[in-house]
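See below for the structure under consideration.
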Amino acid sequence: MSRISKNVILVVLTLTSSAFLLFQLYYYKHYLSAKNGSGLSKSKGSRIGFDGMQWRAVKKFIMLTSSQNVRVFLIDPLILELINKNFEQVKNTSHASSTSECKVFCVPRDFTTFALQYQLWKNEEGWFWIAENMGFQCLKIESKDPRLDWIDSLSGTEIPLHYICKLASHAIHLVVFHERSGNYLWHGHLRLKGHVDRKFVPFRKLQFGRYPGAFDRPELQQITVDGLDVLIPKDPVHFLEEIPHSRFIECRYKEARAFFQQYLDDNTVEAMTFQKRAKELLQLAAKTLKKLGVRFWLSSGTCLGWFRQCSIIPYSKDVDLGIFIQDYKSDIISAFQDAGLPLKHKFGKVEDSLELSFQGKDDVKLDIFFFYEETDHMWNGGTQAKTGKKFKYLFPKFTLCWTEFVDTKFRVPCETVEYIEANYDPVCCSMSSSNCCFLTCNPGCCCCC
């Protein structure tokens with residue numbers, strides 16, 4: 001009898017446990033899953049919800065950075081675009097009113113991209129260790145600091161550029177922004193070293209790191225997305241517009257050092273005064289054109305000085321900028337005059353060979369050349385002030401990149417060598433003016449370089 005009672009009790013306990021387990025499964029399937037927004041994607045038919053790996057990886061990453069007081073902000077183009085489409089709704093969402101359906105962080109993708117400003121990161125090594133203890137597999141990408149290439153004793157010093165932290169099938173790409181002297185943010189090229197496993201993540205799908213990039217310093221705001229508090233640029237549209245045009249190229253510091261070893265720098269009072277005035281004029285021009293929303297780039301002798309010696313050529317007489325004619329605005333002359341730069345010359349017209357010259361301090365002149373695009377080339381016109389003789393200068397088609405020059409962020413032609421060689425004789429551009437003028441050069445070379 002005792003043995004039968006024990007068997008009955010065992011069966012009852014087994015049935016009770018099984019019933020409780022079935023109840024838990026039912027509760028999870030019909031209550032928790034619905035509450036967390038688990039469901040089927042209408043577009044792709046795949047499961048997208050709060051139990052998805054994308055959302056869980058982002059949540060864990062935010063927990064990690066919050067616990068370490070690491071101020072990261074979202075820069076993922078896909079996610080920012082989704083947020084921007086419903087920006088007013090997202091901006092007014094709180095945890096209490098958060099939707100039960102995961103709509104943003106659960107979309108299918110391989111990466112979610114965040115960024116941080118390196119100077120605000122206080123515990124990098126500790127963060128890396130905690131990330132791995134939370135289940136992330138992290139890869140750190142470092143490279144030499146290009147800002148130190150000008151200094152022999154510091155050249156080659158490495159800085160962190162990117163982190164990639166993988167949790168199961170989803171990865172977080174953390175882009176490390178560094179502050180530059182022009183009050184903008186810069187990130188480096190994601191270049192894999194020989195020992196790195198190329199199959200760690202699908203690197204080719206990364207949105208940032210294919211080349212160095214430069215961005216305006218964004219003002220940030222906190223919003224709640226899919227129940228998670230995240231920081232995003234306050235103007236997500238502007239940030240998204242910056243991404244495809246963010247490519248950055250450094251001044252060639254090593255080549256500039258070699259140039260000055262061969263041709264001594266001009267340290268006369270006259271040369272240093274001109275360089276100071278030219279720098280002020282460039283920065284004023286940049287400020288004026290930025291207010292107008294007009295793209296421009298360093299051109300002619302100013303571009304050559306940046307490319308050849310990373311500085312303003314001291315024996316120049318002017319500052320040169322280029323603007324695409326489609327970016328011309330009718331109030332450009334009045335804007336410069338309001339900035340204290342009176343118009344000195346106006347050659348050509350908007351539909352043909354327009355060129356503007358403005359007078360700066362101490363007889364330093366600002367020349368703006370407008371470029372016209374044809375099917376297979378670009379060109380700008382030139383006019384001799386004394387004779388009125390007109391020239392047409394042809395250039396191969398080019399795109400624009402950012403660079404840093406005289407402590408300011410400027411654009412330059414990405415295809416710099418081809419651009420300069422179209423403007424000047426290739427041999428001439430590698431030498432000082434004393435040798436330049438004994439060579440056969442394109443028009444303007446011996447006068448401007």
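Keep in mind that what you see is a predicted model, and the values were worked out from it rather than measured.
Looking only at distances, no side-chain donor or acceptor of R71 sits under 3.5 Å from a matching main-chain atom of N69. Side-chain atoms of K60 never come within 3.5 Å of backbone atoms of A131 as a donor-acceptor pair (strictly under, hydrogens ignored). Remark: the backbone N or O of Y184 is not paired with any side-chain donor or acceptor of K409 at under 3.5 angstrom. Of the possible donor and acceptor atoms, one in the side chain of D76 sits under 3.5 Å from a partner among the backbone N and O of T113. Looking only at distances, no side-chain donor or acceptor of D145 sits under 3.5 Å from a matching main-chain atom of T157. Remark: the backbone N or O of R210 is paired with a side-chain donor or acceptor of H189 at under 3.5 angstrom. The closest donor-acceptor contact from the side chain of T403 to the backbone of I249 lies under 3.5 Å. Judged purely by atom type and a 3.5 angstrom limit, Q309 has no side-chain atom pairing as donor or acceptor with the backbone of F259.
Taking 4.5 Å as the limit, every side-chain heavy atom of P233 sits out of range of all side-chain heavy atoms of L240. Counting only heavy atoms from C-beta outward, the side chains of I312 and V319 never approach each other to under 4.5 Å. A heavy-atom distance below 4.5 Å is found between the side chains of R308 and I313. For the pair T302/F410, no side-chain contact is recorded, criterion being any heavy-atom separation below 4.5 Å from C-beta on. In this structure the side chain of E415 reaches within 4.5 angstrom of the side chain of T399, judged on heavy atoms. A heavy-atom distance below 4.5 Å is found between the side chains of Y372 and L354. Taking 4.5 Å as the limit, every side-chain heavy atom of D338 sits out of range of all side-chain heavy atoms of T288. D320 is not listed as a side-chain neighbour of C303, based on a closest heavy-atom distance of 4.5 Å or more.
Atom-to-atom distance recorded for D110:CG and K166:NZ is 11.0 Å, nearest 0.5 angstrom. The OG atom of S143 sits 9.5 Å away from atom NE2 of H162, with the distance rounded to the nearest 0.5 Å. Rounded to the nearest 0.5 angstrom, I223 CD1 and I83 CD1 are separated by 4.0 Å. Interatomic distance, CD1 of I368 versus CG of L356, reported as 6.0 Å (0.5 Å rounding). Taking CZ of F405 as the start and SG of C251 as the end, the distance is 7.5 Å to the nearest 0.5 Å. D226 CG to I79 CD1: the interatomic distance, rounded to the nearest 0.5 Å, is 8.5 Å.
Identified under the salt bridge (Lys or Arg N to Asp or Glu O under 4.0 Å) test for residues 170-180, with sequence neighbours left out: E179-R217, R180-E250, R180-E404.
Heavy-atom contacts from other residues, nucleotides or ligands closer than 6.0 Å to CE of M134 number more than 12. Residue-environment remark: CZ (R247) stays at or below the threshold of 12 foreign heavy atoms within 6.0 Å. Within 6.0 Å of atom CZ in R204, 12 or fewer heavy atoms from other residues, nucleotides or ligands are found, so the atom counts as exposed in its surroundings.
For the residue pair H170 / T112, a side-chain donor-acceptor distance below 3.5 Å is found, with atom types taken as modelled. Side-chain atoms of S299 and Y419 form a donor-acceptor pair, as typed in the model, at a separation below 3.5 Å.
Each of F369, F296, F370 was evaluated against Y328; a single residue qualifies, F370, per the ring-ring contact (aromatic ring centres under 6.0 Å, His included) test. Checking F61, F111, W121, F114 one by one against Y163, the ring-ring contact (aromatic ring centres under 6.0 Å, His included) holds for a single residue, W121.
Between E81 and K85 no salt bridge is recorded (no basic side-chain N to carboxylate O distance below 4.0 Å).
Heavy atoms only, all atoms of each residue included: L298 and P413 are closest at O-CD, 3.9 Å.
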Review point. Between F395 and W297, does a ring pair (Phe, Tyr, Trp, His ring centres under 6.0 Å) hold up when you go through it step by step?
Key: CA-CA 14 Å; F395 293 81; W297 64 91; 9.0 Å; no
Exercise for review: Take L174 and W127, measure what side chain to side chain contact (heavy atoms under 4.5 Å, CB included) needs, and give me the verdict at the end.
Suggested key: CA-CA 12 Å; L174 180 60; W127 178 91; 4.0 Å; yes
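Taking the six-membered ring for Trp and thresholds of 30 and 60 degrees, Y118 and H178 have ring planes inclined between 30 and 60 degrees apart. Using bins of under 30°, 30° to 60° and over 60° for the plane-to-plane angle, the ring pair F324/F398 lands in the parallel bin.
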